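Just below is one structure, and these are the notes that go with it.
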Amino acid sequence: MKRILITGAAGFLGSHLCDRFIDEGFFVIGMDNFITGDKKNINHLLNNNHFQFVEHDVTEFVSIDDDLDYILHFASPASPIDYLKIPIQTLKVGSLGTHNLLGLAKAKKARILIASTSEVYGDPLVHPQTEEYYGNVNTIGPRGVYDEAKRFQESITMAYHRFHGLETRIVRIFNTYGPRMRLNDGRVIPAFMGQALRGEDLTVFGDGSQTRSFCFVDDQVEGIFRLLFSDYSYPVNIGNPHEISIKDFAEEIIKLTGTKQQIIYKELPVDDPLQRQPDISLAKKLLGWTPKIGRAEGMQRTFEYFKKLSPEELNKREHKDFSKHIKN
Ligand code: NAD
Ligand code: UDP
């Protein structure tokens, strides 16, 4: 049985990846320190004899007994509000954490795939974004802690590939959504869903003309799965190219949820990218991959998930308390 370590296992994407690899017949070791994740995302796996959970902060030395064939490094805060609240942890998990996992992959002769992001393109001056585009990132802006950590992560991954001959893969993930996103993580889909379900107005930042392109989690997981088993070491965009402005998206959510509330406008966060759409030609050519689930179906499935949250969960408005995870 092949053994895979998945970091960020209690998070949104990590938990779906654990499910997928268990379904594919792997033994999965999930690792997380719960800083932005939630145990409830993996509760259903804790008694599965093809799953082992290790609570650990990957910025500290990572030790795994026995062999490993693959590593997926998905540990990192991913929501702008999360990483603004824990900037140093965000920088550390992308840099020190990635270094630890590359070292582990080298020691175990395992193949490693790291989760990069469309944020490496910053506020892009090229549209749609192809993998060749170098990006437009403000290193010292508030988002810089995430963007630069991910850019460093790509660089050190390529260095391990070139210098040590390590088998590496890099996925540049564009906005992905679905069940198990944390309601109060501040990202636009859980934010709008929570507001609609609580009967609050939907908060659009800026004038809402900024665009995003939303990919349903099942499509993202399929793309990552195919990339891991490809022989391509350079970054690959995985996302859904169907672009929409945030204002139009808020209107779609008002229709979907049937809320009687309206849109209210709030200040646009600093360095919020004005447009984002993946060019997925490379993924199509290399992996034979295209997204299959449109926004209407994906959003309906996501809404069903949020609708089932308990009233206590739904009404817990405050952002997650990170204090017990912050040592420095
Ligand atoms: P998430 O916050 O739901 O999951 C991240 C998980 O990593 C959490 O469970 C958190 O507790 C864990 N974690 C963070 N720091 C850790 C540390 N030091 N040690 C151990 N565990 C730690 O976010 P997500 O949306 O599932 O994102 C997962 C990965 O995908 C991240 O690397 C993120 O940058 C990347 N990504 C996601 C998206 C998206 O749209 N969802 C887009 C681009 C990139
Ligand atoms: N956004 C918004 N209202 C919210 C939360 C987010 O208008 O309550 C906007 C945000 O400014 C950005 C887009 O929605 O333009 C996507 O934000 P998100 O935090 O989901 O991720 P990003 O793509 O910026 O990393």
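Keep in mind that this is a model prediction, so the values were computed, not measured. When a ligand or atom number is given, it counts from 1 through the structure's own listing order.
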Option from Arg182, Lys320, Gln89 for which side-chain hydrogen bond (donor to acceptor under 3.5 Å, both in side chains) with Asp82 holds: Arg182

Minimum non-hydrogen distance to atom 24 (O) of ligand 2, winning option of Arg187, Arg143, Glu267, Gln210: Arg143

Ionic contact status for Lys316 with Glu312, cut-off 4.0 Å: no

Ionic contact status for Lys150 with Glu154, cut-off 4.0 Å: no

Nearest-option assignment for atom 21 (O) of ligand 2, heavy atoms, candidates Thr117, Asp82, Asn175: Asn175

Ion pair check, Asp38 and Arg180, cut-off under 4.0 Å: no

Salt bridge (Lys or Arg N to Asp or Glu O under 4.0 Å), paired with Glu119, selected from Arg276, Arg151, Arg172, Arg212: Arg276

For Glu119, atoms of ligand 2 separated by under 4.0 Å from a heavy atom: 25 (O)

Atoms in ligand 2 flagged as close to Val204, the criterion being non-hydrogen separation under 4.0 Å: 7 (O)

Residue Phe192 vicinity, atoms of ligand 2 by number, heavy atom under 4.0 Å: 3 (N)

Closest approach of any protein heavy atom to atom 16 (C) of ligand 2, naming residue and atom: Arg212 NE, 3.7 Å

Donor-acceptor under 3.5 Å (Glu267 side chain, Gly206 main chain): no

Numbering as shown, the atoms of ligand 2 that approach Arg276 to under 4.0 Å (heavy-atom distance): 22 (P), 23 (O), 25 (O)

Any Ser79 heavy atom less than 4.0 Å from ligand 2: no

Check: His16/Asp218 side-chain N/O donor and acceptor closer than 3.5 Å: no

NZ/NE/NH1/NH2 to OD/OE distance under 4.0 Å, Glu167 and Arg169: yes

Nearest neighbour in protein (non-hydrogen) for atom 7 (O) of ligand 2: Phe205 N, 2.7 Å

Enumerated ligand 2 atoms positioned under 4.0 Å from heavy atoms of Ala191: 8 (O)

Aromatic ring proximity Phe34/Phe53, centre distance under 6.0 Å: yes

Contact check, Phe249 vs ligand 2, heavy-atom distance below 4.0 Å: no

All ring-ring contact (aromatic ring centres under 6.0 Å, His included) counterparts of His161, not counting sequence neighbours: none

Validation row: Ser281, Asp279 side chains within 4.5 angstrom (heavy atoms): yes

Atoms in ligand 2 with a heavy atom of Ile246 nearer than 4.0 Å: 7 (O), 13 (C), 14 (O)

Heavy atom of the protein closest to atom 11 (O) of ligand 2 (residue, atom name, distance): Asp272 OD2, 2.5 Å

Ring geometry between Tyr160 and His99 (parallel below 30°, tilted from 30 to 60°, perpendicular above 60°): perpendicular

Every residue of the protein that comes under 4.0 Å of ligand 1, judged on heavy atoms: Gly8, Ala10, Gly11, Phe12, Leu13, Asp32, Asn33, Phe34, Ile35, Thr36, Gly37, His56, Asp57, Val58, Thr59, Phe74, Ala75, Ser76, Ala78, Val93, Ala115, Ser116, Thr117, Tyr146, Lys150, Ile173, Asn175, Thr176, Arg187

Option of least heavy-atom distance to atom 18 (P) of ligand 2 (set: Ile263, Val188, Thr211, Asp207): Val188

Thr203, portion touching ligand 2 at heavy-atom distance under 4.0 Å: both

Pair Phe27 and Phe21, ring centroids less than 6.0 Å apart: no

